[in-house]
Amino acid sequence: MRQFTTDDLTAIMRGCAGMDQSGGFNGAELHVSYSDLGYDSLAVLEIQAEIQRRFGIPVGDDAMDAMPTPAATVSYVNTLLRAGV
């Protein structure tokens, strides 16, 4: 089973959410909310849509509440992948 990593999230954010090409996540940033990192709800929705497209998993309407930070996003996506949804 494939794992979703912070590298996967970084690549998605570079492609659709405007993350600087030199950017990435350090340990502390993983636990900071997307809004505090400067991403609005539209950017988070784009991230969710790209995760669905790349990984073939449904990211439901409640996902925004389950994915408030990059770390939570990685955990949530891995939960979906393990469940085989």
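From a predicted model like this one, the values you see are computed outputs, not experimental measurements.
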**Message:** Using 0.5 Å steps for rounding, measure from the CE atom of Met64 to the OH atom of Tyr34.
**Reply:** 10.5 Å

**Request:** Quick one: pull up CE in Met13 and OG1 in Thr73 and give me the separation to the nearest 0.5 Å.
**Result:**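 Here the rounded value is 8.0 Å.
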
Applying side chain to side chain contact (heavy atoms under 4.5 Å, CB included), name anything that partners [X], two or more places apart in sequence or on another chain.
| X | result |
| --- | --- |
| Ser35 | Ser33 |
| Leu30 | Thr6, Phe25, Pro70, Ala71 |
| Ala72 | Pro68, Thr69 |

**Message:** Tell me every residue that passes side chain to side chain donor-acceptor pair (under 3.5 Å) with Tyr76, counting only those two or more places apart in sequence or in another chain.
**Reply:**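 For Tyr76 there are no side chain to side chain donor-acceptor pair (under 3.5 Å) partners, ignoring immediate neighbours.
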
**Message:** Can you list everything that forms a side chain to side chain donor-acceptor pair (under 3.5 Å) with Thr5? Sequence neighbours excluded, please.
**Reply:** Asp8

Using atom types as modelled, flag every donor-acceptor pair under 3.5 Å from a side chain in residues 50-60 to any protein atom, sequence neighbours excluded.
| from | atom 1 | to | atom 2 | distance (Å) |
| --- | --- | --- | --- | --- |
| Glu50 | OE1 | Arg53 | NE | 3.3 |
| Glu50 | OE2 | Arg53 | NE | 3.3 |
| Glu50 | OE2 | Arg53 | NH2 | 2.6 |
| Glu50 | OE2 | Arg54 | NE | 2.8 |
| Gln52 | OE1 | Val59 | N | 2.8 |

**Item:** Expected output: side-chain Asn78 to main-chain Gln3 donor-acceptor under 3.5 Å
**Value:**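 Such a contact is absent between Asn78 side chain and Gln3 backbone.
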
**Request:** Show your working on side-chain contact (heavy atoms from CB on, under 4.5 Å) between Ile12 and Phe4 and close with a plain yes or no.
**Result:** CA-CA 11 Å; Ile12 288 170; Phe4 184 75; 4.0 Å; yes

